[in-house]
Amino acid sequence: MMRKSIERKILIPFLLIVLLPSLIIGAVSLWSSYQSEKELKQTTISEKLNSIHRYTRLLHERVEHGELDESAAQSMVLELIQGTEGLYVQNEVGEIYYNGDSVSHDQLDTLLAEEKSGFFQERIVLTQNLPEWGWKLYHPIELSFYSGSLLDIQKYTLLITIFTGVIAVQFTILFSYHLSKPIKDLAAFCKRVAKGEPMTGLDIRTRRKDEIGVLATSLKEMVYTLDEQKQQIDRMKHLNEMILNSVHVGIVLVIERTEFLYNNAAKEILHKDDGLQDKINHMVDQRSKQRTEEIIESHISDEKAFYAVSYQAIGTADQDLAVITFEDITHRRRLEQRVERMSRLASLGEMASGIAHEIRNPLAGIKTTTELLIRRLDLTDKQLALAENMLIDIDRVNKTITTTLDFARPAESPQTKVVADESIKSILLLLKDVAKEKKVTFKHCVQNFEMMVNRDQLRQILLNIIMNGLNAMPDGGELIIDSQASNHDVTISITDTGVGMDEATIEKIFDPFFTTRSEGTGLGLSIVHQLVVQNKGDIDVRSTLQKGTTFLISFSKAEGGSEHGDESSDH
């Protein structure tokens with residue numbers, strides 16, 4: 001700020017030293033002139049008042065000798081008083097007049113009050129009694145340092161004072177500027193360096209040979225050395241930031257448990273998952289000096305998300321620091337679950353195949369023996385009905401064995417370019433009456449995407465899942481079928497508004513022989529999963545109790561496939 005500049009600190013004392021004597025001389029001279037003018041005015045007005053008194057006394061003597069009427073004499077005196085500027089008169093009854101006009105006592109008190117109205121202004125009231133008639137005269141005097149007469153008397157003194165002051169100020173300014181300029185240049189240079197301005201373009205004069213020149217040279221060398229070190233630090237900082245922001249792992253630096261610094265990956269993950277920040281804050285609150293690692297489960301739009309989180313305290317003597325790293329392992333967990341599921345299904349398929357072979361051969365003998373007994377024995381109607389029911393149960397077991405063998409050894413599935421919506425339309429037409437009976441409405445959003453899949457197996461997949469959706473809505477509802485395309489895949493979504501499933505059920509729905517319906521075999525979704533995998537696809541399920549279930553089935557997108565959708569259609 002200017003008030004704190006060194007130039008001001010040098011300039012103001014010198015100006016005071018130089019100007020103070022001139023100001024004192026001028027003030028003393030002005031005060032002497034003021035007093036002289038004051039005394040002159042008082043003397044002049046006093047003489048006027050005395051002359052009026054003498055004139056009154058003279059007229060009064062003439063009245064006493066009978067030469068003049070008293071009223072005429074008073075009129076003559078009043079005429080003289082009115083002709084005198086600034087003169088007030090109070091008659092014998094207390095009435096006050098000024099220039100022939102009556103004046104109230106309050107006005108007179110205000111006008112004739114002797115007071116100082118300002119530091120350079122003063123009011124004095126001179127009075128004169130006229131005892132001959134009991135009158136009293138008042139004459140106020142206004143005195144001011146600003147009066148023209150006073151300034152006229154002192155104009156030469158003022159001119160000399162002003163001229164001397166201007167010359168003194170000029171010399172003082174030049175002296176202070178010469179003395180303070182190099183110091184101000186050094187201060188401005190340091191200020192620009194403190195703001196972080198680039199060193200290029202910054203310079204200070206170092207031609208002086210005195211201490212200021214030595215200081216400027218040393219400061220310049222020091223600044224350029226610091227600038228080189230700062231550039232090295234900036235390059236290292238930029239490199240570290242690039243490394244931290246290029247990794248896919250979220251990294252959080254916790255400073256004193258209150259300030260958090262995030263890399264780009266951490267910002268993206270926390271932006272998608274708001275609940276993860278609360279879990280990280282809880283981990284910080286429960287922190288320990290030991291390294292801790294754990295898997296955190298969260299939810300994003302009703303979908304599970306998994307994060308591998310690591311906490312490490314790196315507190316120093318000056319600061320309490322910690323580093324938290326977290327990685328989204330949801331996709332990895334899904335892949336692990338998928339591999340585990342496929343491995344489990346493969347093992348179950350092999351076991352089911354062996355069991356089916358062992359059961360099928362004796363089952364064929366039992367059926368043959370039963371048919372032979374029916375033909376050769378003379379059975380009663382009740383016995384015949386029991387034997388026929390036995391054959392029906394044998395056929396049912398044989399059908400289950402056949403389905404199990406199909407699951408264990410699926411047929412080859414040559415893939416072709418298929419428009420999924422064509423298969424969906426035919427299945428919805430087939431199940432139209434069933435849906436009407438169950439009070440279910442179909443909503444098919446036609447997109448006409450093309451995918452690579454076996455047409456017959458796609459129909460079997462869709463039929464099983466749509467039937468499951470119908471069975472999940474015993475009180476009616478809506479079944480929505482839509483599809484979306486990415487750069488490489490086409491995903492069909494089948495959503496019902498049924499009873500939904502809990503997480504334990506979702507984990508088991510693809511297991512063979514697992515079913516939630518008493519009349520089901522538990523192989524439908526197992527076969528669906530097998531067919532999807534066989535066609536190099538992927539299947540996922542999302543469900544919420546009492547809200548519904550969504551199956552997502554993805555297959556490879558056909559090259560050059562259409563991506564133009566039609567308006568949604570309801571069936």
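Taking the side chain as every heavy atom from C-beta outward, S556 and Q415 never approach each other to under 4.5 Å. Side-chain contact between L458 and F555 is present, with heavy atoms from C-beta onward closer than 4.5 Å. Taking 4.5 Å as the limit, some side-chain heavy atom of F442 sits within range of a side-chain heavy atom of L470. Counting only heavy atoms from C-beta outward, the side chains of V528 and I465 approach each other to under 4.5 Å. Contact check for M473 versus K438: no side-chain heavy atoms found under the 4.5 Å cut-off. Within the 4.5 Å cutoff, the side chain of H444 has heavy atoms near those of the L428 side chain. Using a 4.5 Å cut-off on side-chain heavy atoms (C-beta onward), E450 and V490 make no contact. Contact of the V541 side chain with the T549 side chain is registered, since non-hydrogen atoms from C-beta on lie closer than 4.5 Å.
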task = Test F551 against I539 for side-chain contact (heavy atoms from CB on, under 4.5 Å), laying out the working first.
result = CA-CA 7 Å; F551 281 87; I539 184 169; 4.2 Å; yes

key: side-chain contact (heavy atoms from CB on, under 4.5 Å) evaluation trace for D433 with L431   = CA-CA 6 Å; D433 294 336; L431 299 176; over 6 Å; no

request  = Could you please spell out the steps behind the side-chain contact (heavy atoms from CB on, under 4.5 Å) verdict for T416 and N454?
outcome  = CA-CA 6 Å; T416 58; N454 183 280; over 6 Å; no

query = Given E478 and V440, is the side-chain contact (heavy atoms from CB on, under 4.5 Å) satisfied, shown in steps?
reply = CA-CA 5 Å; E478 185 179 37; V440 174; over 6 Å; no

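Taken to the nearest 0.5 Å, the CG atom of L525 stands 11.0 Å off from the CD1 atom of I461. Atoms CG and CG, from N464 and L531 in turn, are 8.5 Å apart once rounded to the nearest 0.5 Å. Atom OG of S483 is separated from atom CE of M451 by 7.0 Å, given to the nearest 0.5 angstrom. Expressed to the nearest 0.5 Å, how far CD of Q530 lies from CD of Q457 amounts to 10.0 Å. Expressed to the nearest 0.5 Å, how far CD1 of I506 lies from CE of M501 amounts to 5.0 Å. Here CG of L462 is found 6.5 Å from OG of S423. Values are rounded to the nearest 0.5 Å.
What you find for L391 and I374 is that their closest heavy atoms are CD1-CD1, 3.6 Å. Contact between Q460 and I527 at its shortest, heavy atoms only, is NE2-CG2, 3.6 Å. Closest approach of A558 to K417, counting heavy atoms only: CB-CG, 3.7 Å. Smallest separation of non-hydrogen atoms from V252 and A266: CG2-CB, 4.2 Å. Closest approach of C445 to D421, counting heavy atoms only: O-OD1, 4.0 Å. Counting all heavy atoms, side chain and backbone alike, L479 lies closest to I466 at CD1-O, 4.0 Å.
With sequence neighbours excluded, the residues that form a salt bridge (Lys or Arg N to Asp or Glu O under 4.0 Å) with D234 are K230. Every residue was checked against the salt bridge (Lys or Arg N to Asp or Glu O under 4.0 Å) condition with E437, not counting sequence neighbours, and none meets it. Among residues two or more places apart in sequence or in another chain, the side chain to side chain donor-acceptor pair (under 3.5 Å) test is passed with N263 by none.
For Q383 (side chain) and T380 (main-chain N/O), a donor-acceptor pair under 3.5 Å exists by modelled atom type. Within the 3.5 Å criterion, the main-chain N or O of D489 finds a donor-acceptor partner in the side chain of S486.
Classification of the H529-F510 ring pair by plane angle, with boundaries at 30° and 60°, yields tilted.
A side-chain N or O of D502 and one of T505 form a donor-acceptor pair less than 3.5 Å apart. Using a 3.5 Å distance cut-off with no hydrogens or angles, the side chains of D482 and Q447 do pair a donor with an acceptor.
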